[in-house]
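Side chains are part of it too, since the values below use all heavy atoms of this structure and drop only hydrogens, waters and symmetry mates.
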Amino acid sequence: MGSLSLQQIRKSFGATDVLKGIDLEVGDGEFCVFVGPSGCGKSTLLRIIAGLEDTSSGAVMIDGTRVENTAPAQRGIAMVFQSYALYPHLNVRDNMALGLKQAKTPSAVIDSQIAKASAMLSLEPYLKRRPAELSGGQRQRVAIGRAVVRDPKLFLFDEPLSNLDAALRVNTRLEIARLHRELSATMIYVTHDQVEAMTLADRIVVMNGGVIEQVGAPMELYNAPANLFVAGFIGSPKMNFIDGARLGESAKTIGVRPEHIAVNGTEGTWRGTVVHAEHLGADTNLYLDTEKAGLITVRLFGEYAAAPGEELFATPDPARVYRFGEDGKRVG
Amino acid sequence: MGSLSLQQIRKSFGATDVLKGIDLEVGDGEFCVFVGPSGCGKSTLLRIIAGLEDTSSGAVMIDGTRVENTAPAQRGIAMVFQSYALYPHLNVRDNMALGLKQAKTPSAVIDSQIAKASAMLSLEPYLKRRPAELSGGQRQRVAIGRAVVRDPKLFLFDEPLSNLDAALRVNTRLEIARLHRELSATMIYVTHDQVEAMTLADRIVVMNGGVIEQVGAPMELYNAPANLFVAGFIGSPKMNFIDGARLGESAKTIGVRPEHIAVNGTEGTWRGTVVHAEHLGADTNLYLDTEKAGLITVRLFGEYAAAPGEELFATPDPARVYRFGEDGKRVG
Amino acid sequence: MSRATSSLPRSAAAHAILILYTIIALFPVLVVVMNSFKARNAIFRAPLMPPTTTTFDTVGYTTVMAQGDFLLYFGNSLTVTVVSLFLVLLFGAMAAFALSEYRFRGNTLTGLYLALGIMIPIRLGTVAILQLMVASGLVNTLTALILVYTAQGLPLAIFILSEFMRTVSDDLKNAGRIDGLSEYRIFFRLVLPLVRPAMATVAVFTMIPIWNDLWFPLILAPSESTKTVTLGAQIFLGQFVTNWNAVLAALSLAILPVLVLYFIFSRQLIRGITSGAVK
Amino acid sequence: MTQAPAPARRPFRWHIPVLLAPAVLVYSAIMILPLFGTLQLSLFRNVEGVRTFVGLANFQTLFGDARWSASFWNALWNNTWFFIIHMVVQNPIGVALAALLSSPRLRFAAFYRTAIFIPTILSFVIVGFVWKLILSPLWGVAPNLLDLVGLKSLFTPWLGKEEYALTTLGLISVWQFVGIPMMLIYAALLSIPDEVIEAAELDGVTGWSQFWKIKLPLILPSIGIISILTFVGNFNAFDLIYSAQGALAGPNYSTDILGTFLYRTFFGFQLQSGDPYMGSTIASMMFVIILAGVCVYLFAVQTRLRRYQF
Amino acid sequence: QDKSLTIESWRNDDLTIWQEKLIPAFEKAHPGIKVTFAPSAPTEYNAALNAKLDAGSAGDLITCRPFDASLDLFNKGQLADLTSLPGMENFSPVAKSAWSTDDGSKTFCVPMASVIHGFIYNKDAFDQLGIAVPKTEAEFFAALDKIKADGNYIPLAMGTKDLWEAATMGYQNIGPNYWKGEDGRKALIEGKQKLTDADWVEPLKTLAKWKPYLGDGFEAQAYPDSQNLFTLGRAAIYPAGSWEISQFNSQAQFKMGAFPPPVKNAGDTCYISDHNDIGIGLNAKSPNQDAAKTFLSWVASPEFATIYANALPGFFSLSNTPVKMEDPLAQEFVSWREQCKPTIRSTYQVLSRGTPNLENETWVESANVINGTETAEQAADKLQKGLDGWYKPGAAK
Ligand SMILES: Nc1ncnc2c1ncn2[C@@H]1O[C@H](COP(=O)(O)OP(=O)(O)OP(=O)(O)O)[C@@H](O)[C@H]1O
Ligand SMILES: Nc1ncnc2c1ncn2[C@@H]1O[C@H](COP(=O)(O)OP(=O)(O)OP(=O)(O)O)[C@@H](O)[C@H]1O
Ligand SMILES: [Mg+2]
Ligand SMILES: [Mg+2]
């Protein structure tokens, strides 16, 4: 229960092709994260899975059954909307309870479900408030709670944590992970957050411009990106791309992740000047203007005292250098 | 031009006290980031600065003039709303142009401003679309663009990047930083993102429950948090808090950041078992269940192969251990 | 065509109900229009029969065209209706915005004061209004009618519009304020376009009584050059004899312009909606 | 910390009077002054051809004189019934039609909407004529139609029977005006954000229960408006009854409502010459009744209705 | 400079006659005066006229309703005194009574026309069924029975929906025979008789007996329905006012005849309602007093009477000089003036001055009686009670 299969899904709004043939299999109980630049069609795809939007062509199958003509409520899914979509006239409790009441769930069960969800999302103090009286983050938590209480076989999350603060974000992320383990429900999750994507996903789907660029386990994408786009998209700060010709390499583009470059004050492969240093506490990002490789980013663990203007040598880890061909595909 | 001073700002909605006496000085040209848990009053404070909400009591001064009775438009500010608040009936271009047209800016200037902003925010393809035809992230970029084109002396950003994808996020973040340098405008910025807060801020204001917990430069907060709350809030993953009594310390609580713990397969201070490992590519988070310190998080640079169940020894960096007293204040 | 969110039986039922009600709504109208093309005898002999070759008769229309300058009357009606409508919408929306947007002392009282007008039939004020018009020399001008209809339409317009204006997002108006828009511009550039559906609705409500009114044209502007269609058609309502052919013809014709206006507004309604609010 | 200088006084918000002025001026000059000029006549009486102040004597007559009061209470009760018919027939039908029409991607919605609205744009003369024609026992439209469905025995001359006439007229009025609640509700329904409806779809709240649980609560303010408009409209109604049943609102005053009663008294009818004094007295009573209703709405209902900004 | 005059009227029906015949005739004789006939719908006329007079925007010439409606205007000073208008001598005091003060000393409108009540019948139907024109009530009902039995025709074309039809074409039509015309009417005004007296209840009783002869659903049958019913040949007898003549002539495709209200017993004196209906007066505030008076004098002239009566058969001139009329049906009606005693409608003079208004009540009660929702006695009782409520006989000035 809960497997999903998309076959050649296409969608256009008028003349704009938003999805250009999406094929995807999501196994039962899998946690699948969609990432991709803004506007690439993630929400649209999610809405198609939910049945809120019709496909222009292609098949959506849940548990092996084609569901294009099944009403959203019959698909056994729950969805958290990017814009929350709370019922403005109901208080938090009723927002969560409505779907259950509709399904004639006994009220004791409703109560316990809501108690659970609101504890998990720290919503207890607000159960009697209406959405208009909540802050942005509080609203988002209610939206998550509304999905969670329904125990669906397939969860659809559209950037559910983007308005939460760091602490809550981590908590809720862990709760969602736990939820996933406990319910063994299938989850489709759209996010912009690298950490969320990497930690939650069984598989990450990288979308771009209406097509899937690569599907794979998080570390697979990190270690073996299929092409320039995925390489640049996964990992933060972004992978450094250097013109192959400049380095005398045959590949079109050479990629090195910032964390795979070591710096040294005295010697190294590329000599450069510190342009800017970002001190994040746990790590430090240095922006170096190098003679050979141009402007590169280097990520260092912990604090590293480097003032702009300082001269440094950067050395890429040779085992961790990626090479991309003319067509953007990785060649080595 | 652009300094801000808040004196004893209080605000209540009916019986709920949302702001409980905020005092803050923001210097001219400073970049000030507000962080704090959801619902702590950040948006409310921003709205009070903008003049969209009246204070219950207290004084708001911009450039040394009390502005409580000055219309928002006269305060020389621009604001990016958490809910975007785009004009639904205007296309992207007009959304950005409206304020300028209003100020009777010559149309050549309008054009160039819009060209600049839309290039910076990758909005060129959408200039003729209406907000309803944009994705969430695209809308948010338009909202930022609308503020940017106006060159105000005081920017107010309410979680402007929360719906952007990682790449755009970094770009826009850098653009905002550049904007700040170039315009030397004062900026007040609300965010949930640690990286944003740490990299952008001249000073970070940590709010909690309607009061300011601490104000300081990013690394100051990271290295010298004033209390448990700030220590826990700044830094991700969160600082490990260990009961002082358990470790035989006099302080009530001992705090160690995950990145300040080293692990070793053979020896160390705390022996523990790996409960869960998060592989983020650039770093790895280990959750260890230790005998002496309970459940702790350890953050390691790069990839680290550790399977749940494995036994490991964790050693905190003694120079980086924080101690907190009964009242939550840091004592050492 | 959505298949997932609308089931066939449900939409079939919806269509069935709507068709049934459409028939109920249109049947009498059809009877009127049909009969306007029939000879008098045929109207009453067989009111349900569509005009046949034997009963087809445009005598009604020829009478209408022969008696009085109906083209002029149409023009007058249209002028009066459109101008009053414009003023009602403009003034009404302005006042509604002031009432719904700002908190000021006397807000509720002003609202109530502006609503008084819907509680007493304005006809009762006829004599005073007429005296006012006589004094200002406006008798037998379309201006007199426009003024009266504007006043008459305002209370309802304000009442409805202020309700709808409350649903416009505050953040949006605030964004405008920060953008430096004056309150007037916020009203004209932001709020007005967003309440377009409500404006269209109010326009429709306001327009109908104006178009159909008989009383004020009769009192204020009965002269040949200022007659409205409805007043013109009254010529055929005699004391003992009513020329039903002519009345039906005149009033059938009179439906057309309102229908056109209605179409214009309902397009606004739809356009207003599709421009929709955002998040 | 330096003591902050006192803030500049909040400038006078000129835009409020400016926005209100045109409406208030036109409305006061052309509506309120004449109307209250008329209403104050209720305190006067024509004594020997001279207008004389008589205080509340006219009201005493209206309620004390058996004949006046009988007419008044009759009209008031009829009016109330007329209103009830609209509330229980017109508004639910209007809301239901709007709900059907607003269902997403309904085909021909514009056609239905227009068709249903057409009766509203007809003049009373036509409405009176056509319904008299249809319901007339002589020309056979209604009897024949009933015959078609085998219900001919149900036919009676509804407009001519005391017990049915008012209800029949009420239903005709419903037929004519159902477009108004429909349009208002339609506009309100369309302003509900799609995503909220979609969330409901996902929650399994569809069809009627979606209407009851989601849409209806969100359009309550509009329903409130419609109710009060119906109330005001009905207690001011006049034209339909006047054009269908004449000023005497027959048979035997069974369709007399406050509007016709007022009109007859104020402007006179046939041999009865108009009595502006008693007329104004009745008008004042109507005004009081309607004002009371509106106040109840404004203060007791409207303030409790929650509005949602979408 | 031409003077131009505007005539206010409720007679939409007469618009073409004025435009095509009367006004050209006048303007030809009086160059320099232009006349416009500006009618409004009859139902709105009184109210609109009053408002315009009060505000001072009314036309120069005012078409006068009979009795109190116009008397009121005169008392308010809105109608000019026309007692000494040249041409007024052409009218008898009876003719002028509808537009004179109660004491008859002042007249304020020039009488234009009266209407006579009676019955118009479908001659073809009568011939076909072999029915003779009924002279007495018994014959009348026998004829009705016969028509009803035949089943081809509705015996009587009348409905009660419009109320006034029942009162005017029913009650006021047959009534004078019972209350003996002017005698009864005057006695009522003087208080010597009451509406509960037999003479006044009787016509209601007779009226109640009409019910079975009316068409199906007559309760919802409006006045135009009755007209159409008769002219389309579906009814045999039409309780009529003479004003119907011209329309019926043009619409009915069968031969028609007319008879006066049948008397109780053969040989009884017959009474007919010959009711002053239309007059024309002068707006006291008109700026064109002289021109208007010229016009009014012309209206009082036999020339006008002839054109008018022939253009509108059924509206009979009130002028002393006899008018030659072409229309046979109209001649039939007017011929009754010779055999029977004319009277005006009983409720019009004095008695409808107060509230409740006797005329209005009579409409309602007549309809109730025919509908069978009240008995004749109950109705009479109510009428008298209503009258007693305000009318003190003798106190009338
Ligand atoms: N109703 C619509 N009409 C026209 N274009 C639309 C419509 N809805 C979405 N689009 C376009 O489709 C594309 C995909 O939108 P979608 O909302 O799926 O993006 P997304 O991947 O969710 O982006 P984000 O991360 O910013 O939320 C966007 O370019 C958007 O502008
Ligand atoms: N109109 C209102 N009525 C009542 N309470 C309100 C209202 N607006 C905000 N609040 C409450 O005030 C508190 C602060 O809200 P605010 O929007 O400032 O939070 P925030 O810090 O911006 O949170 P987030 O990070 O989630 O956006 C919240 O608890 C919220 O529920
Ligand atoms: Mg999206
Ligand atoms: Mg906020």
* Among D194(D), I197(D), V196(D), who wins on heavy-atom pairs under 4.5 Å with chain A? -> V196(D)
* **Under 4.5 Å from a heavy atom of chain D, the part of A132(A) involved** => neither
* Go through the structure and list residues passing side chain to side chain donor-acceptor pair (under 3.5 Å) with E124(A), not counting sequence neighbours. => none
* Salt bridge flag under 4.0 Å for residues K153(A) and D63(A) -> yes
* **Per-residue contact mode, L86(A) against chain D (heavy atom under 4.5 angstrom)** => backbone
* Side-chain ion pair, K101(A) and D203(D), N-O less than 4.0 Å -> no
* **Residues in side chain to side chain donor-acceptor pair (under 3.5 Å) contact with Y27(D), at least two apart in sequence or another chain** => none
